[in-house]
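The block underneath contains the structure these notes are about, expressed in structure tokens.
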Amino acid sequence: LFCPCLVYGAYAFLPFDAPLLPTVSARLVYTLRCAAFATFPIVLGMIVSGISRLCSSALEPFGELQREVEIHRTYVSQSIQLFILYFFNMAVLATYLPQEALKLIPLLTGLFAISRLIYWLSYAIGRSFRAFGFSMTFLPLLAMLLWNLYSMFILEPENLLA
């Protein structure tokens with residue numbers, strides 16, 4: 001319930017609009033530029049993971065990892081996997097959204113970045129707290145996937161492969 005309310009509140013109250021994007025290629029470039037901001041938590045996680053690996057007291061670099069190193073490594077690998085799914089779904093979503101709804105692309109990108117940072121923080125606190133951050137990432141991804149499939153197969157089945 002928190003994610004739709006957060007996205008709707010940002011959509012209604014943030015004072016910006018998406019630029020005029022009449023072609024599919026312009027929409028894809030816009031999505032690509034917005035997705036670059038979503039890589040910030042992943043790059044930050046890679047930096048922290050590298051620093052924690054350098055500062056760990058492990059004598060063998062390929063030996064068993066300490067909990068602090070394992071948390072950051074797991075966060076980075078899961079974030080990369082989710083970012084790939086998120087980006088491809090946002091690219092497809094940008095092709096089906098009307099012009100006035102393209103404001104959702106940067107909002108969903110920001111939601112992804114914030115939710116990954118919340119997941120990282122909650123995962124470091126304890127494994128039982130990470131469900132909130134993961135659901136803030138996964139549920140919008142699931143909603144985008146369902147909307148994309150609905151758009152492809154129900155709204156425009158004649159343009160599925162065009």
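In what follows, residues are counted from 1 in the order of the sequence shown.
For the atom pair CZ (F83) and CG (L85), the distance works out to 11.0 Å, reported to the nearest 0.5 Å. Between the CD1 atom in I118 and the CZ atom in R130 there is a gap of 16.0 Å [rounded to 0.5 Å].
Side-chain contact annotation: R73 with S49, donor-acceptor N/O pair under 3.5 Å absent.
The aromatic rings of Y75 and W120 sit parallel, their planes meeting at an angle under 30°, below the 60° perpendicular limit.
Under the 3.5 Å distance criterion, the side-chain polar atoms of Q99 are matched with a main-chain donor or acceptor of L21. Distance alone, capped at 3.5 Å, places no donor-acceptor pair between the Q81 side chain and the V76 backbone. A distance-only check finds a donor-acceptor pair linking the side chain of N148 to the backbone of N89 [under 3.5 Å].
Of all the heavy atoms in A94 and I105, the pair that sits closest is CB-CD1, 4.0 Å. Closest heavy-atom contact between L117 and P41: CD2-CB, 3.8 Å. Considering all non-hydrogen atoms of both residues, Y86 and L111 come closest at OH-CD2, 4.3 Å.
Evaluation of the side chain to side chain donor-acceptor pair (under 3.5 Å) rule for Y119 yields Q78 as partners, not counting sequence neighbours. Partners of F87 under the ring-ring contact (aromatic ring centres under 6.0 Å, His included) rule, at least two apart in sequence or in another chain, do not exist in this structure. With sequence neighbours left out, I125 forms a side-chain contact (heavy atoms from CB on, under 4.5 Å) with L121, F129. Residues forming a side chain to side chain donor-acceptor pair (under 3.5 Å) with T137 (at least two apart in sequence, or on another chain): S115. T74 pairs by the side chain to side chain donor-acceptor pair (under 3.5 Å) definition with E70, not counting sequence neighbours. When the ring-ring contact (aromatic ring centres under 6.0 Å, His included) test is applied to F88, no partner is found at least two apart in sequence or on another chain. Every side chain to side chain donor-acceptor pair (under 3.5 Å) that S151 has, sequence neighbours left out, goes to W147. A101 pairs by the side-chain contact (heavy atoms from CB on, under 4.5 Å) definition with Y11, L97, P98, not counting sequence neighbours.
Judged as a side-chain hydrogen bond (donor to acceptor under 3.5 Å, both in side chains), not a single pair has a partner in residues 102-112 (not counting sequence neighbours). Applying the side-chain hydrogen bond (donor to acceptor under 3.5 Å, both in side chains) test to residues at least two apart or on different chains, none of the pairs has a partner in residues 27-39.
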Exercise for review: Run the numbers on L155 and Y96 for side-chain contact (heavy atoms from CB on, under 4.5 Å), then give the verdict.
Suggested key: CA-CA 10 Å; L155 295 180; Y96 285 112; over 6 Å; no
Point to revise | Intermediate values then yes/no, side chain to side chain donor-acceptor pair (under 3.5 Å), S79 and R116 | key: CA-CA 7 Å; S79 293; R116 291 316 295 165; 3.0 Å; yes
Check your understanding: Given the rule in the side-chain contact (heavy atoms from CB on, under 4.5 Å) test, do F134 and L82 qualify, once you have shown the distances and angles that lead to the verdict?
Key -> CA-CA 10 Å; F134 182 77; L82 284 170; 4.0 Å; yes
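Taking hydrophobic clusters as Ile, Leu, Val, Met, Phe, Trp and Tyr residues chained together by side-chain heavy-atom distances below 4.5 Å, V92 does not share a cluster with V29. Linking Ile, Leu, Val, Met, Phe, Trp and Tyr residues whenever their side-chain heavy atoms come within less than 4.5 Å places L104 and L32 in a single cluster. Follow the hydrophobic side-chain contacts under 4.5 Å out from L139 and you reach Y150 in the same cluster. In the hydrophobic clustering of this structure, L142 groups with F112; members are Ile, Leu, Val, Met, Phe, Trp, Tyr whose side-chain heavy atoms approach within less than 4.5 Å, directly or through other members. Hydrophobic clustering of Ile, Leu, Val, Met, Phe, Trp and Tyr side chains at less than 4.5 Å, counting indirect connections, unites F138 with I84.
L28 forms part of a hydrophobic cluster together with V24, judged by ILVMFWY side-chain heavy-atom separations under 4.5 Å. Using a 4.5 Å cut-off between side-chain heavy atoms of Ile, Leu, Val, Met, Phe, Trp and Tyr, I51 falls into a hydrophobic cluster with V43, I47.
Between M46 and I80 there is a side-chain heavy-atom pair separated by less than 4.5 Å.
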